[in-house]
Amino acid sequence: MNMKFARLGTAGNEKPVVIAQDANGTEKYFSLDPLTKDINGEFLATDGIARTREALAAGNLPEISAEGLRIGSPVARPGNVVCIGLNYSAHAAESGATPPESPVVFLKPSNTVSGPFDAAPIPPSSEKYDWEVELGIVIGREASYLSSTDEAADCIAGYVVANDLSERDYQLPGAAGQWTKGKSLPQSTPLGPWLVPADELDAGHLALRTWVNGEIRQSSDTSDMIFDALTVVHHLSQYMVLEPGDVILTGTPEGVALSGRFPYIQPGDVVELEVEGLGRQRQKFYRAHAASLAAIGTDKATR
């Protein structure tokens, strides 16, 4: 049975659901409340996907209406967001870098995760905010010192669409340029709309695309990755413990603004991203404004 997992509701109050087709091929939404409070590491580590299939087959999940509900990240706030840089040769070239011989690894704060359709802020002083469509891996069981890519496959719960939004002036130039600064901005990791179980698609052959204001920017395929999903999970497990609910972003293909071929994101721009079989995101961007000291003081006083 084909399934897609999602979380619906206002930010911070999302409810877990599963989307499945009936006998006529019509997609329906079913509440996961009988099985879990959320789609998180605990749910995934306790065979939540298999339990959902059983519950659907038995008719034990109540059907709900999703009309008018916000779609949040399909995974509750991850413990870690681990990222792979320069994982497509053409993107490495447009970035002025040599394709790596070993995966380039960095971290994003988990509080950067946002919903796939949430309005997206451009930092107040940013002039080089950039899009990056990526295949996201969701970990389903602990991975540490894995011995093979076969073991890595057993640790992957599923996959999501991700946008690794990046501020290039903060990330790259001069002595002050640091990947952490350029990759840690608020709401800079939209995920979703769905989590699709790993056994329902071939992650090695998925088309990835990005549009800005309706114009195509990125068009590639995960088969062009230098290090595929299983290799990435196996490699990371040699250096860190991957826990259920963690998300790994596997890198972006060519076609970003950093290439010099396209303008960076401006207020009012609409960026759409999709990965084959995993759905499409859409973010409209606006300029964030720095909080005044008076506002900050008032906020603290009311806590």
Side-chain angles (χ1 to χ4, degrees), residues 5 39-41 43-45 49 73-88 91-92 100 102-114 116 132-146 148-166 179-180 183-184 188-206 208 220-253 273 275-279 281:
F5 291 85
I39 300 172
N40 53 22
F43 171 71
L44 297 171
I49 291 175
S73 164
V75 184
R77 182 167 165 172
N80 290 292
V81 179
V82 188
C83 306
I84 305 299
L86 306 174
N87 200 20
Y88 291 76
H91 173 59
S102 178
V104 175
V105 181
F106 62 97
L107 302 176
K108 295 191 77 166
S110 61
N111 66 4
T112 62
V113 170
S114 60
E132 292 190 2
V133 63
E134 307 202 12
L135 173 69
I137 301 169
V138 180
I139 297 297
R141 63 179 60 179
E142 184 176 295
S144 180
Y145 298 123
L146 301 177
S148 67
T149 54
D150 287 341
E151 284 193 354
D154 291 337
C155 296
I156 298 175
Y159 298 94
V160 297
V161 183
N163 189 359
D164 177 20
L165 289 159
S166 308
W179 283 38
T180 296
K183 300 280 190 174
S184 299
S188 63
T189 316
L191 297 180
W194 316 307
L195 163 64
V196 176
D199 59 4
E200 296 193 3
L201 47 75
D202 178 1
H205 297 277
L206 300 175
L208 308 91
S220 188
D221 193 280
T222 57
S223 61
D224 292 330
M225 287 197 294
I226 299 171
F227 307 105
D228 65 19
L230 300 187
T231 300
V232 164
V233 172
H234 175 261
H235 178 82
L236 290 174
S237 79
Q238 309 307 307
Y239 301 93
M240 64 184 71
V241 176
L242 299 172
E243 298 179 330
D246 285 352
V247 174
I248 303 168
L249 308 189
T250 58
T252 198
L273 312 93
V275 177
E276 182 181 356
L278 298 177
Q281 299 185 357

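The figures that follow rest on heavy atoms only: side chains count, while hydrogens, waters and symmetry mates do not. Just so it is clear, the model here is predicted, and its values are computed rather than measured.
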The reported gap from CG in Leu86 to CZ in Phe227 (rounded to nearest 0.5 angstrom) is 10.0 Å

Value for OG1 (Thr149) from NE2 (His235), rounded to nearest 0.5 Å, stands at 14.0 Å

Rounded to the nearest 0.5 angstrom, the CG-OG1 distance for Asn163 and Thr112 is 11.0 Å

Test side-chain contact (heavy atoms from CB on, under 4.5 Å), reference Glu134, set Val275, Thr222, Asp164, output is Asp164

CG of Leu249 to CD1 of Ile84, rounded to nearest 0.5 Å, is 9.0 Å

- Item | Pro74 vs Leu191 side-chain heavy atoms within contact, under 4.5 Å | yes

Val161 and Gly279 have their tightest heavy-atom pair at CG2-O, 3.4 Å

Nearest heavy-atom contact between Ala203 and Leu206 is CA-CD1, 3.8 Å

Given the options Val160, Ile49, Val138, Leu44, Phe5 meets side-chain contact (heavy atoms from CB on, under 4.5 Å) only with Ile49

dist Asp221:CG -> Tyr88:OH (nearest 0.5 Å) comes out at 7.5 Å

To the nearest 0.5 Å, atom CG of Asp202 lies from atom OG of Ser223 at 9.5 Å

Taking every heavy atom of Gln238 against every heavy atom of Tyr145, the minimum-distance pair comes out as O-CE2, 3.5 Å

Side-chain contact, heavy-atom cut-off 4.5 Å: Val105 with Tyr239? no

Tightest non-hydrogen contact, residues Ser237 and Leu146, listed as OG-N, 3.0 Å

